[in-house]
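Worksheet: the structure to be examined is printed underneath.
Convention: sequence-line order gives letters A, B, ...; per-chain numbering from 1. Quick caveat: nothing in here was measured; it's all calculated off a predicted structure.
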Amino acid sequence: MRGIKKAGAKILLFFAVLLGKATVWLSRLLAKGKGSSLPGLVALRIYPDVLKALAGQVRRGTIMVTGTNGKTTTNNMIARIASGAGCAVVANREGANLITGVTTAFIKKATLFGKVSCDYACLEVDEASFPAVCAHARPDIVVITNFFRDQLDRYGELDSTIKFIRSALEKLPSAKLVLNADDPLVAQLKAPGREGAAVFYGFGERVRRPAGAGREVKEARFCPFCGFSLHYQYYQYGQLGNYRCTHCSFRRPKADVEGVRIQVEEGSSCLALFPGGKITLHLPVGGLYNLYNALAAFAAGLLIKAEPQEMSMLLQDYAPATGRMERYHYLGKPALLNLVKNPAGFNESLTVLLEAKNQLDVLIAINDNAADGRDISWLWDVDFEVLEDRHRLINFFVCTGQRAEEMGVRLKYAGVPLDKIVVEPRLKAAVDRVLCGPGQSAYLLATYTALWPVEKILAGRCQKERTHAAARMPSVP
Amino acid sequence: MLLRVCHLYPDLLNLYGDRGNVLAFLARCRWRGIPAIVHRVQKGEQVNFQEMDFLFLGGGSDREQNLMTKDLMRRADALREAIEGGLVVLAICGGYQLLGHYYRTREGQIIPGLGLLDLFTVAGPRRLIGNIAVEIELDGKSWRITGFENHAGRTYLGQIAPLGRVLAGHGNNGEDGLEGARYKNVFCSYLHGPLLPKNPPLTDYLIQAALKRRGLPFSLEPLDDRLETAANQVMLRRLGVG
């Protein structure tokens with residue numbers, strides 16, 4: 001009986017992988033998107049245990065990255081570190097991070113008979129899908145980046161997202177956690193008495209920056225354990241910083257991997273202190289959040305015994321994924337594309353924008369499809385008010401996408417003069433407007449479903465810059 | 001002349017871009033040269049509601065709302081007096097529910113409200129989520145306002161008027177076609193998104209009500225609202241009621 005069952009499972013696995021792969025080819029052939037979720041969906045329909053069967057074959061370990069911001073970048077960095085160490089890696093690099101996307105990553109790597117030959121699986125996992133994905137593929141290492149308010153209509157509220165993750169972690173007592181020490185919402189997840197140790201990463205000093213949006217977005221003003229207010233010695237951005245509870249013993253844990261001597265202009269860099277050494281990490285991209293991602297990847301890399309020196313070199317050549325500070329050129333004018341999806345990330349983008357030293361043309365594309373979050377009220381939690389007296393270097397804001405008009409309203413109430421607000425719902429016309437604007441560089445911000453079309457239009461008009469060349473150039477904004 | 005805006009518990013009740021409502025009230029005063037300042041009142045801090053001209057009460061997550069309810073209970077009598085005296089109030093989502101008699105959870109637990117308005121709320125089996133359009137009447141003129149709703153609670157009105165009638169979306173409970181509540185100068189709604197910047201006629205109405213209460217001249221000079229109107233139109237068209 002058992003033999004028959006086993007044979008049945010094998011046949012199902014075969015068909016699930018076969019049809020999954022057929023979907024990969026078909027979607028490539030029809031050029032329908034990037035085919036990063038559909039094959040997994042098809043395979044899971046045929047054989048619900050397909051992910052379990054494929055993920056169970058990973059030889060050395062499964063590393064999952066979850067949290068609100070920085071999942072794709074952190075996961076790609078970890079995959080790069082693991083590959084660089086000579087390991088075979090399965091990774092969902094394109095950011096398809098639901099169970100279907102994770103399954104697709106394995107199907108692409110599997111033979112027709114459902115054999116996966118890999119040392120590490122590096123998986124970016126959506127916060128809400130984390131418990132479900134863990135039920136199929138048990139992680140050995142879980143990296144949690146940060147928790148910010150994101151697409152509320154999909155998840156309910158931030159508190160329930162954290163609750164989901166906490167209960168999923170309780171079912172993984174031996175998994176090692178890599179946690180952001182600077183985010184109290186993440187740091188609280190290290191439960192006392194866990195078998196698996198937690199490794200904390202964070203920055204040991206305040207980053208000095210000329211401009212700063214995000215004074216208003218503070219998710220965690222209150223202690224997650226006792227409800228009393230948290231006292232901050234300083235903030236980095238959002239609720240990230242050096243905090244301690246005014247009542248109980250909860251405080252920022254000491255970071256095992258601690259970044260100091262932070263520098264975020266012209267690329268970014270910091271000195272990483274870790275047990276047994278220190279090393280400088282350089283990134284070709286700017287932004288403090290990217291440095292956070294690098295520190296998380298470095299901490300995860302230490303756990304899989306990657307060489308610090310090697311990791312530093314791999315991170316230095318890190319090429320950003322679509323819309324993560326991608327750089328283009330249009331007739332010599334640099335154009336930077338960045339994904340925005342929640343207040344904390346948007347504030348960071350605004351901060352980079354305000355650090356510009358020359359004239360800028362800005363595009364903001366806001367869609368409200370399911371993947372963007374149908375509720376765009378989060379735009380009112382973005383600190384656009386910093387633009388009120390600092391829009392001098394910005395020629396205009398072209399507002400586009402399905403909610404172009406509302407983006408315009410937001411800027412108006414932030415104090416941006418009406419003659420600098422251009423509403424152009426059509427993406428093509430809007431992109432042309434910023435590329436041909438009088439500024440010395442263009443800066444394009446787009447929500448998830450607006451990102452791909454904007455990128456496509458940009459790619460048609462511009463030359464893309466190779467990242468390691470970018471490292472040697474002065475940063476655009 | 002100075003209008004005082006009271007933002008109650010801005011750190012606790014700050015879901016869904018609520019502060020946009022305060023920003024809009026202040027901006028539309030400022031653009032007309034009406035001086036206005038905001039008082040951010042936190043848990044445990046003193047406030048005299050009589051001195052305030054506009055009070056904003058937003059929504060929070062369950063945890064945050066519990067932290068704040070106790071604090072607000074202590075202020076219930078003072079708030080009632082101010083409301084009877086014509087204080088202009090805008091309460092959204094959780095703030096709206098809190099002004100009623102009670103909130104009954106899925107488990108049947110009764111969480112008492114301030115009992116300032118004749119309404120009660122019952123948690124429903126699923127959240128009512130989506131874009132919404134509502135027809136409201138201000139000074140005999142009808143307007144179509146738009147926003148986004150996301151609430152598990154179903155609110156039922158007693159002897160109290162609704163804010164308006166649902167044109168598209170769910171409203172108070174998804175059953176009776178009513179949205180929000182209105183009593184004297186108190187306006188309640190499930191529309192966040194937020195409500196005031198996207199719907200300038202309502203914002204201006206609140207400003208006028210605040211000026212009237214102080215016996216100040218209340219005719220407002222018109223502003224250039226083309227952007228707001230365009231955003232409103234886009235949503236009304238999408239919802240098929242444009």
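Among residues two or more places apart in sequence or in another chain, the ring pair (Phe, Tyr, Trp, His ring centres under 6.0 Å) test is passed with A/Tyr234 by none. Taking A/Asn369 as the reference, A/Asn367, A/Asp372, A/Gln402, A/Thr449 meet the side-chain contact (heavy atoms from CB on, under 4.5 Å) condition, with sequence neighbours excluded.
Only the side chain of B/Ala27 comes within contact range of chain A, with at least one heavy atom under 4.5 Å from a heavy atom of that chain. In this structure, chain B has a heavy atom under 4.5 Å from the side chain of A/Val423, while its backbone stays farther away. In this structure, no portion of B/Asn232 lies under 4.5 Å from any heavy atom of chain A. Within the 4.5 angstrom heavy-atom criterion, no atom of A/Leu379 approaches chain B.
In the displayed structure, B/Arg74 atom CZ is contacted under 6.0 Å by more than 12 heavy atoms of other residues, nucleotides or ligands. The environment of A/Lys420 atom NZ is dense: over 12 non-hydrogen atoms of other residues, nucleotides or ligands sit within 6.0 angstrom. In A/Phe225, the CZ atom is crowded: over 12 heavy atoms of neighbouring residues, nucleotides or ligands sit closer than 6.0 Å. In this structure, A/Arg426 places its CZ atom where only 12 or fewer heavy-atom neighbours from other residues, nucleotides or ligands lie under 6.0 Å away. The neighbour count for B/Arg182 CZ, taken as heavy atoms of other residues, nucleotides or ligands under 6.0 Å away, is above 12. Counted within 6.0 Å of CZ on B/Arg75, heavy atoms from surrounding residues, nucleotides or ligands total more than 12; the atom is thus considered enclosed.
Between atom CG of residue A/Leu418 and atom CZ of residue B/Arg226 there is a gap of 8.0 Å, rounded to the nearest 0.5 Å. Note that the CZ atom of A/Arg410 and the CG atom of B/Leu23 stand 6.0 Å from one another [nearest 0.5 Å]. One finds the CG atom of B/Asn21 at 11.0 Å from the OH atom of A/Tyr413 (value rounded to the nearest 0.5 Å). Put simply, CG on A/Asp381 and CG on B/Asp18 are 8.0 Å apart, with the number rounded to the nearest 0.5 Å. To the nearest 0.5 Å, the span separating SG on A/Cys399 from CG on B/Leu227 amounts to 8.0 Å.
Nearest heavy-atom pair across B/Ala231 and A/Val409 is CB-CG2, 4.0 Å. In terms of heavy-atom proximity, B/Pro194 sits nearest to A/Ser377 at N-CB, 4.4 Å. The shortest non-hydrogen separation linking A/Val382 to B/Arg19 is O-NH2, 3.2 Å.
Side chain of A/Arg374 to main chain of B/Gly130: no donor-acceptor pair is present (N/O by atom type, distance under 3.5 Å, no hydrogens or angles).
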From CA spacing to verdict: side-chain contact (heavy atoms from CB on, under 4.5 Å), A/Arg403, B/Met235: CA-CA 9 Å; A/Arg403 304 301 290 271; B/Met235 191 40 71; 3.4 Å; yes

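Ion pairing between a basic and an acidic side chain is recognised when a charged N comes within 4.0 Å of a carboxylate O; B/Lys198 and A/Glu405 show no such pairing. Using a cut-off of 4.0 Å between Lys/Arg side-chain N and Asp/Glu carboxylate O, B/Arg238 and A/Asp368 are scored as salt-bridged.
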